[in-house]
Amino acid sequence: MRVLVDVEGLSWEKAWEVTVKTCAYTNHTVLPEALERWPTSMLESILPRHLQIIYHINHLHLQEVQKKFPGDWDRVKRMSLVEEEGEKRVNMAHLCIVGSHAVNGVARIHSEIIKNDIFHDFYELSPEKFQNKTNGITPRRWLLLCNPSLADLIAEKIGEEWIVHLEQLQLLKNYAKDPNFQRAVQKVKQENKLKLAQMLEKDYGVKVNPASMFDIQVKRIHEYKRQLLNCLHIITLYNRIKRNPTASIAPRTVMIGGKAAPGYYMAKKIIKLICSVGNVVNNDPIIGDKLKVIFLENYRVTLAERIMPAADLSEQISTAGTEASGTGNMKFMLNGALTIGTLDGANVEMAEEMGLDNIFIFGMTVDEVEDLKRRGYNAYDYYNRNPEIKQCVDQIQNGFFSPGNPDEFRDVADVLLKYDRFFLLADFDAYMKCQEKVGEVYQNQAKWVEMAIHNIASSGKFSSDRTIEEYATEIWGVEPSWEKLPAPHEPRDEEPAPVK
Ligand SMILES: *Cc1c(COP(=O)(O)O)cnc(C)c1O
């Protein structure tokens, strides 16, 4: 608006029309701490002219609100781009919605939350702006390149069309019960696990048992993603094995990887706890090969490319309503890992594609989380009622995993019991029971690999080719030109012909 009005000399009305047609807003999170609200004092000192323009945009916007909802002054206040309570601030998400012709979330459930909850007032003002674009991943990087043996095996059965038309993977459903194909898929997974194990030993100095279930959670460390809930499962497994060392269980290697933001104290504390739990578990002779815990340092795309092909179990356990989409979940699925997860983000659509028989879903739904918030969450209700919860929270609290510094994880236990915004203990029971089911199915390898094949065969929807096409046609009004171009994985030796 500043360039069009001040530099190019357009009228306000023409400039606004161009701006709104040019902008579209994709929301990526509903966590309030991540939605930026810039102090007007800061804008005033750095971008005074922009602030004037924002005030004028707001003036016209609030006139529209009053025209559509006469006398509804609460609504006008809620929808203002400028928040007057406390320090005066510009709500940047509100500015994005008003200045865009399209607004979208990145998975169906997230787009619904945007319409029904965080931006409900804006949805009522302009329902036609609101859309969904479910995220995707590129099958070139996340299968063809990172898992060539699986790619070859798939090509043997159904050809190579899937590389550019991922829905073709559906054809693999015909082979889900074929013992020869099952054996071949299993062999590829086993070889990939062996390769990861060798790399972990060489680069990280850790020894893992490649016959154990590779149970993996890799993603940025954040409280809403609930790496701590995974940690509570590890501690509970440890306590159960100690109580009954001869019980038959599926041996696991639990790997957790991810970076913490530099200023995020609790995320760093969670990493420290995972490492400390690993030190106790991995060195306990009674535990032996049944359970190993590894923190994967320096998680990044090049490491993800090694991990996805070797994973048996994908952990996608965020509190329902907090993960906008997730894409790690899709990478695991495409490489034949089974998912344990909540009905959150793209997990919902993954479950729909593969059917509930092929995924391990547990825990509260978005509605149940909302209900719990209304009733009031008290972690002590769960802590006092469930002796396994009490035991592991006490162990974190009293220094069982930090003998050199008994107070080391007191603050982590305090978060779990007093300040937990993500309701870990409310989902604990459902998570443990679901993990027991995972262990049982893993001990039936024919069943497990059949489910894995169904996962691969159902992942077509999650190609970024589909996502990009939807953005192009439904938000930007442009038709695909890729039919005139070489396939994305083919070398391009000359520039493509200009599109007419
Ligand atoms: C895919 C990917 C992510 C996203 O993972 P989520 O589980 O969806 O949060 C993060 N980091 C890296 C390196 C990735 O490859």
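One-based numbering, in listed order, for ligands and for the atoms of each. None of the values given here were measured: they were computed from a predicted structure. Residue indices begin at 1 and follow the sequence shown.
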Specify whether F181 and Y175 have parallel, tilted or perpendicular ring planes, treating 30° as the upper limit for parallel and 60° as the lower limit for perpendicular.
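Plane angle between 30° and 60°, so tilted.
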Aromatic ring pairing H101/W476, orientation class (parallel under 30°, perpendicular over 60°, tilted between)
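If you compare the ring of H101 with that of W476, the planes turn out perpendicular.
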Looking only at the side chains, is there a donor atom on one of [X] and [Y] sitting less than 3.5 Å from an acceptor on the other?
X	Y	result
S212	T253	yes
K225	Q217	no
K129	N104	no
Q395	N239	yes

Kindly state whether the ring of F409 and the ring of F400 have centres lying under 6.0 angstrom apart.
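For F409 and F400, the ring centres are not under 6.0 Å apart.
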Polar proximity ligand 1 side, [X] side, N/O cut 3.5 Å exclusive:
X	result
T327	yes
W142	no
G326	no
K219	yes

Number the atoms of ligand 1 from 1 as they appear, then name those within less than 4.0 Å of a heavy atom of [X], with their elements.
X	result
R300	13 (C)
A304	15 (O)
V218	7 (O)

Whether K193 engages the ring of F214 as a cation-pi pair (distance to the six-membered ring centre under 6.0 angstrom, angle to the ring normal within 45°) should be assessed.
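Yes, cation above the ring, under 6.0 Å and within 45°.
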Closest protein heavy atom (residue, atom, distance) for [atom]:
atom	value
atom 10 (C) of ligand 1	Y299 CE2, 4.1 Å
atom 5 (O) of ligand 1	G328 N, 3.7 Å
atom 2 (C) of ligand 1	K331 NZ, 2.4 Å

At the 4.0 Å heavy-atom cut-off, does K225 count as touching ligand 1?
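True for this residue.
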